[in-house]
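Quick notes on the structure that follows.
Numbering of ligands and ligand atoms starts at 1, following listing order. Keep in mind that what you see is a predicted model, and the values were worked out from it rather than measured.
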Amino acid sequence: MTSLNNQIDLEELASLAKRRGFVFQSSEIYGGLASTWDYGPLGVELKRKVKELWWNQFVIKQEHVFGLDSSIIMHPKVWDVSGHTSNFSDPLVECKQCNHRYRSDQLNTTVCPNCSGELSEPRLFNLMFKTFLGPVEDNTNTAYLRPETAQGIFVNFLNVKHTINRNPPFGIAQIGKSFRNEITTGNFIFRTREFEMMEMEFFVPPEEDEKWLNYWVTDAFNWYLKLGLSKNKLRIREHDKNELAHYAKATHDIEYLFPWGWGEIAGIANRTNYDLVAHSDQSGKELSYFDEATKQHVIPYVIEPSFGLDRVIMALLIEAYTQEDLVNSKGKQETRTSLKLSPLVAPVQVAILPLSKKEVLSKLAREIYTNLKSSEIVKPLVYYDETQSIGRRYRRQDEIGTPLCITVDFESLEDQSVTIRQRDSMIQTRVSVNILEEEIVSLLSNKAQS
Ligand code: GAP
């Protein structure tokens with residue numbers, strides 16, 4: 001059995017993602033809309049699990065982190081004060097011949113990569129999506145779709161601080177959509193104009209900023225390992241001074257080795273007190289805490305771990321996508337495609353497959369399915385499938401990353417046992433129905449840890 005995994009064709013991955021219901025092109029029946037994507041039944045589950053794991057790690061397990069769900073459209077002053085209306089832009093160049101547009105900082109040529117035509121001088125292009133509140137489209141009604149969820153946290157700093165009644169260090173976390181009118185998009189769901197972020201602003205006494213920056217960089221890195229990304233495909237890269245965002249003193253990106261090279265999947269920034277100072281000045285509200293030791297009001301520094309959800313999904317799909325050459329039960333050479341997702345994120349964890357549609361088998365298989373669905377011990381997503389040959393059904397489950405398939409056959413009627421087939425090793429073991437739940441829990445948790 002040889003693995004062909006080191007060279008992944010993104011088109012093949014996108015095609016599997018579509019065929020199996022992970023990701024669809026948006027508005028496809030109208031020809032699609034460039035770089036906008038919809039998540040199908042399995043994509044939704046995958047996303048939901050990643051969000052749940054993130055929330056669990058960065059909110060529930062922490063002593064000092066609290067949740068928020070702020071609005072996408074905020075007072076336009078927020079974006080003036082945060083610096084986004086003046087600084088949140090990329091340098092745009094346009095080909096004078098074919099009118100293709102590029103980010104000049106991402107080009108390593110002085111002519112158009114499409115037609116070798118002459119490029120215009122770079123001009124700054126603001127990435128925020130503009131809209132209008134109410135029916136009148138004039139400057140007094142301008143609003144923006146948020147390009148980051150962070151500002152919703154900064155403007156709620158006092159509200160949350162009063163509610164939780166404590167001083168920094170503490171964090172406020174939220175998960176939600178953000179919008180950026182990117183000049184160049186692409187690589188499937190890697191760079192899109194609408195995407196989901198998982199962000200936390202961790203407010204700290206200014207002198208503790210470096211300690212907490214290191215703490216969250218390590219925590220974020222370990223979280224990716226837990227999801228099943230390989231250590232040798234992850235790295236931490238510190239920003240050079242000239243690439244820091246307008247608000248940052250230091251930033252460490254966590255990057256994943258995508259088929260086209262290293263790409264950012266999260267950034268952990270030391271935003272200092274930039275945002276709170278600016279919002280304090282312009283709103284007239286004191287966004288600070290009272291330090292009992294020094295008897296002074298202090299504006300805290302902020303350490304911000306910021307994760308792109310769609311990029312996590314992209315990395316997970318790439319990491320999991322596996323093609324292997326093997327000899328099937330009829331002695332024929334075939335290529336098996338599977339998603340080797342950790343059970344922690346696999347959209348379906350157990351599939352119940354009666355060997356045939358015969359009623360006697362369906363009856364027992366459905367009984368097992370119903371028991372597992374309502375089980376308090378096993379809480380996996382269980383799927384029932386009796387269509388097509390067993391070989392095809394295994395292939396389907398392999399392609400969606402289901403770690404365990406349970407086959408109910410005619411022998412099961414006699415010995416009350418079923419076959420458990422493990423996705424990665426394809427090992428099959430016979431297990432009594434009496435201990436099936438415990439066996440599933442044990443196999444899934446072993447896999448989650450491996
Ligand atoms: N509040 C901090 C912030 O916005 P960022 O580095 O611009 O920082 C954070 O974005 C994360 O959001 C990135 O690490 C990336 O994972 C994700 N992200 C940014 N732009 C994206 C885009 N156009 N499409 C998909 N994900 C994106």
[X]-[Y] side chain donor-acceptor pair, cut-off 3.5 Å:
X: D385; Y: T387; result: yes
X: E286; Y: S288; result: yes
X: S178; Y: E148; result: no

With a cut-off of 4.0 Å, which atoms of ligand 1 are near a heavy atom of [X]?
X: A266; answer: 14 (O)
X: G267; answer: 14 (O)
X: E264; answer: 6 (O), 13 (C), 14 (O)
X: M197; answer: 3 (C), 4 (O), 9 (C), 10 (O), 12 (O)
X: R191; answer: 23 (N), 24 (N)
X: E182; answer: 20 (N), 22 (C), 23 (N)
X: E304; answer: 1 (N), 2 (C)
X: E199; answer: 1 (N), 2 (C), 3 (C), 4 (O)

Would you sort out whether Q388 and R396 count as a side-chain hydrogen bond (donor to acceptor under 3.5 Å, both in side chains), showing the intermediate values? CA-CA 10 Å; Q388 300 185 308; R396 189 180 309 151; 2.4 Å; yes

Any idea how [X] and [Y] line up, ring-wise: parallel (<30°), tilted (30 to 60°), or perpendicular (>60°)?
X: W212; Y: F202; result: tilted
X: F307; Y: F58; result: tilted
X: F258; Y: Y256; result: perpendicular

Which residue and atom name correspond to the protein heavy atom nearest [atom], and how close is it?
atom: atom 24 (N) of ligand 1; value: T192 N, 3.1 Å
atom: atom 25 (C) of ligand 1; value: F190 O, 3.1 Å
atom: atom 7 (O) of ligand 1; value: R180 NH1, 2.8 Å
atom: atom 17 (C) of ligand 1; value: G308 CA, 3.6 Å
atom: atom 9 (C) of ligand 1; value: S306 OG, 3.1 Å
atom: atom 15 (C) of ligand 1; value: R311 NH1, 3.5 Å

Is there a side-chain contact between N273 and P206 (heavy atoms, below 4.5 Å)?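 N273 vs P206: side chains apart.
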
Would you say that V302 contacts I153 through its side chain, given a criterion of any heavy-atom pair below 4.5 Å between the two side chains? no

Row check, F179 ring normal vs R146 NZ/CZ: under 6.0 Å, within 45°: no

Should F195 be counted as touching ligand 1, given the test is an N or O pair under 3.5 Å? no

N or O pair under 3.5 Å between I265 and ligand 1: yes

Which is it for N222 and Q57 under the side-chain hydrogen bond (donor to acceptor under 3.5 Å, both in side chains) test, yes or no, and what are the steps along the way? CA-CA 10 Å; N222 288 338; Q57 176 65 29; over 6 Å; no

Is it the side chain, the backbone, both or neither of Y247 that has a heavy atom closer than 4.0 Å to ligand 1?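 The answer is the side chain of Y247.
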
Short version for E148: what comes under 4.0 Å of ligand 1, heavy atoms counted, is side chain

So, 4.0 Å and heavy atoms of R271: is ligand 1 close enough to count as a contact?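 It does, in that a heavy atom of R271 comes within the 4.0 Å cut-off of ligand 1.
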
contact_flag D310 ligand 1 heavy-atom lt 4.0 Å: no

To the closest 0.5 Å, what do you measure between CD1 (I236) and CG (N214)? 9.5 Å

